[in-house]
Amino acid sequence: IALTFLLLAGGTAAIHRALFGRWSLWSLLAFLLLYTRLLLWGFMGYLFGCGLALTAFAIWVALDRRHWLLRLAVGTVFAIAIYLSHLLAFGIYAVMIACYEFGQIWLRRKSIGAALRDLVIGGLPFLPALALMSHNSSAGRIIYANPLRKLHLLFSVGDKYSRPCYVTCFMTIVLAVAVAYWRRWVRLAPAMVLPMLGLVAVYIAMPTQLFTAAGVDRRIPMMMFLALIGGSAWQTGRQARGARLERRFMAGVALLFAVRLAVIAAIWFQAGRLYAQLLPGLDMLPRGSCVAIAFGKDSIQVAKAPLTHFTTLAVVRRDALVTTIFHYPLQQPITLQPEADRIADALAPDGLWYQFVDNSTPLPPASKAALQQCGYVAFADPRAFTLKNTS
């Protein structure tokens with residue numbers, strides 16, 4: 001997790017350094033985007049891949065005028081590493097590199113021969129990673145939500161536990177940055193115009209569910225904002241009133257960062273007390289138990305104390321089989337044995353919830369048979385509930 005944070009913030013600062021030739025306090029805005037809902041959802045593979053992508057893009061820009069063999073070698077290593085981290089991060093990285101190269105062709109008015117050479121050099125590093133793609137699982141569906149949802153998801157970049165806090169913080173920083181651009185205190189590097197447009201286009205085109213991956217489009221705004229921060233620079237001319245104005249602006253950012261940390265710490269303290277009450281219950285389970293999980297569809301959320309997947313700690317603490325543990329083929333490093341896989345597939349969390357809590361939908365025979373093999377059921381919901389059916 002610490003390395004992921006370092007790559008995300010450091011990669012953003014490195015992009016700034018590669019484009020403008022200097023370090024800047026402005027890049028520290030990236031720290032406001034490290035603790036987000038993506039982290040709370042546990043998308044660590046994706047976040048790590050994004051950190052690698054930002055760092056790799058910065059190095060690609062820094063090596064722009066170096067020998068093409070060096071760019072090819074370094075680019076290939078990073079492309080494979082990002083692909084092995086997360087496929088979506090790999091795709092975003094490819095879009096940024098392609099748009100950057102097209103942008104350089106336009107800005108430098110390159111000849112057709114030079115343009116084709118650069119495009120080939122930019123594309124070759126991705127071929128080994130593409131060769132590793134055998135047959136990713138295409139189970140599931142492609143679902144597009146209401147297009148207006150795209151506007152709402154932009155706000156989720158700063159979303160944490162407290163909605164009033166994150167809305168206030170997000171609007172404050174958006175207005176402050178908007179004023180900075182409007183007053184021309186900050187400018188976007190010309191080389192980042194096409195990569196930014198490419199990220200926006202990917203965000204607009206991306207569905208909300210892509211096969212077995214849910215919330216795909218909500219993962220992209222963070223990269224859009226980090227790329228915008230890294231590709232921008234505070235101006236030191238007379239109009240921006242120099243470094244003193246930048247220091248004042250960043251002092252406000254630091255204050256906002258401290259407020260966010262205080263809110264997070266308070267929520268962690270409250271959640272820690274709740275988890276301390278629940279853990280003894282897990283530790284009473286016999287080793288090697290099977291635990292089915294029941295929760296309603298509305299329970300899948302990042303609440304102040306997330307509980308939906310809390311019971312999976314029994315896998316580590318009691319060597320238990322927990323039916324909701326993620327084990328999608330080619331996505332997680334966990335594979336269930338055939339019998340365990342059959343039990344997990346038969347015991348859907350919402351089905352158990354409707355049977356015992358809502359008492360509205362009876363379990364099918366296959367689920368009843370699987371439940372008899374699973375000795376325990378854990379019910380989770382952020383709201384109070386009672387079991388209407390205990391038979």
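The basis for the numbers below is simple: all heavy atoms, side chains too, and nothing from hydrogens, waters or symmetry mates. Counting from 1, the numbers follow the sequence of the chain as shown.
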**OP:** Run the numbers on Tyr35 and Phe5 for ring-ring contact (aromatic ring centres under 6.0 Å, His included), then give the verdict.
**Re:** CA-CA 9 Å; Tyr35 199 97; Phe5 285 169; 7.4 Å; no
To the nearest 0.5 Å, how far apart are [atom1] in [X] and [atom2] in [Y]?
X: Thr76; Y: Leu127; atom1: OG1; atom2: CG; value: 8.0 Å
X: Ile15; Y: Leu226; atom1: CD1; atom2: CG; value: 8.0 Å
X: Leu228; Y: Leu199; atom1: CG; atom2: CG; value: 10.0 Å
X: Arg71; Y: Ile59; atom1: CZ; atom2: CD1; value: 12.0 Å
X: Leu321; Y: Thr312; atom1: CG; atom2: OG1; value: 12.0 Å
X: Arg260; Y: Leu34; atom1: CZ; atom2: CG; value: 9.0 Å

Decide if atom [atom1] of [X] counts as having more than 12 heavy atoms of other residues, nucleotides or ligands within a radius under 6.0 Å.
X: Ile1; atom1: CD1; value: no
X: Phe102; atom1: CZ; value: no
X: Trp23; atom1: CH2; value: yes
X: Arg66; atom1: CZ; value: no
X: Phe31; atom1: CZ; value: no
X: Ile112; atom1: CD1; value: no

Exam field: side chain [X] to backbone [Y], donor-acceptor pair closer than 3.5 Å:
X: Tyr376; Y: Leu285; result: no
X: Tyr144; Y: Ala205; result: yes
X: His327; Y: Ile325; result: yes
X: Gln235; Y: Ala233; result: yes
X: Ser367; Y: Ala346; result: yes

Taking C-beta and beyond as the side chain, do [X] and [Y] meet within less than 4.5 Å on heavy atoms?
X: Tyr203; Y: Leu153; value: yes
X: Thr324; Y: Thr311; value: no
X: Val174; Y: Phe225; value: no
X: Asp118; Y: Gln104; value: no
X: Trp26; Y: Ile229; value: yes
X: Asp217; Y: Leu210; value: no
X: Leu25; Y: Trp234; value: no
X: Leu313; Y: Leu282; value: yes

Considering all heavy atoms of both residues, which atom of [X] and which atom of [Y] are nearest to each other, and what is their separation?
X: Ala380; Y: Phe295; answer: O-CB, 3.2 Å
X: Gly11; Y: Ala58; answer: O-CB, 4.3 Å
X: Pro221; Y: Arg218; answer: CD-O, 3.5 Å
X: Ala115; Y: Ile105; answer: CB-CD1, 3.6 Å
X: Ala81; Y: Ser85; answer: O-OG, 2.9 Å
X: Leu363; Y: Gly351; answer: CD2-O, 3.7 Å

Subject >> Whether Phe43 and Trp41 hold their rings parallel, tilted or perpendicular, with breakpoints at 30° and 60° >> reply: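 Phe43 vs Trp41 ring planes: parallel.
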**OP:** Return the orientation label for the Phe379 and Phe356 ring planes: parallel under 30°, perpendicular over 60°, tilted otherwise.
**Re:**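 Taking Phe356 first and then Phe379, their aromatic rings stand perpendicular (interplane angle over 60°).
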Under 3.5 Å, is there a donor-acceptor pair linking the side chains of [X] and [Y]?
X: Ser232; Y: Tyr181; result: yes
X: Glu339; Y: Gln373; result: yes
X: Tyr354; Y: Asn359; result: no
X: Trp60; Y: Glu101; result: yes
X: Ser289; Y: Arg318; result: no

[X]-[Y] co-clustered via ILVMFWY side chain contacts under 4.5 Å:
X: Ile204; Y: Leu197; answer: yes
X: Leu52; Y: Tyr93; answer: yes
X: Ile121; Y: Trp106; answer: no
X: Val316; Y: Met44; answer: no
X: Leu255; Y: Ile264; answer: no

Original post:
In a check of side chain to side chain contact (heavy atoms under 4.5 Å, CB included) between Thr208 and each of Asn146, Ile142, Ile143, which one passes?
Top reply: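 The residue from Asn146, Ile142, Ile143 that satisfies side chain to side chain contact (heavy atoms under 4.5 Å, CB included) with Thr208 turns out to be Ile143.
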Subject >> By side-chain contact (heavy atoms from CB on, under 4.5 Å) - contacts of Ala18 (at least two apart) >> reply: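 Listed in chain order: Val61, Ala62.
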**OP:** Test ring-ring contact (aromatic ring centres under 6.0 Å, His included) on Phe126 and Phe90 and set out the steps.
**Re:** CA-CA 9 Å; Phe126 297 94; Phe90 175 77; 5.6 Å; yes
**OP:** Could I get the full list of disulfide (SG to SG under 2.5 Å) partners for Cys290, not counting sequence neighbours?
**Re:** Cys374
Original post:
Checking side-chain hydrogen bond (donor to acceptor under 3.5 Å, both in side chains) for the pair Gln355/Ser360: CA distance, chi angles, key distance, verdict?
Top reply: CA-CA 6 Å; Gln355 164 73 12; Ser360 58; over 6 Å; no
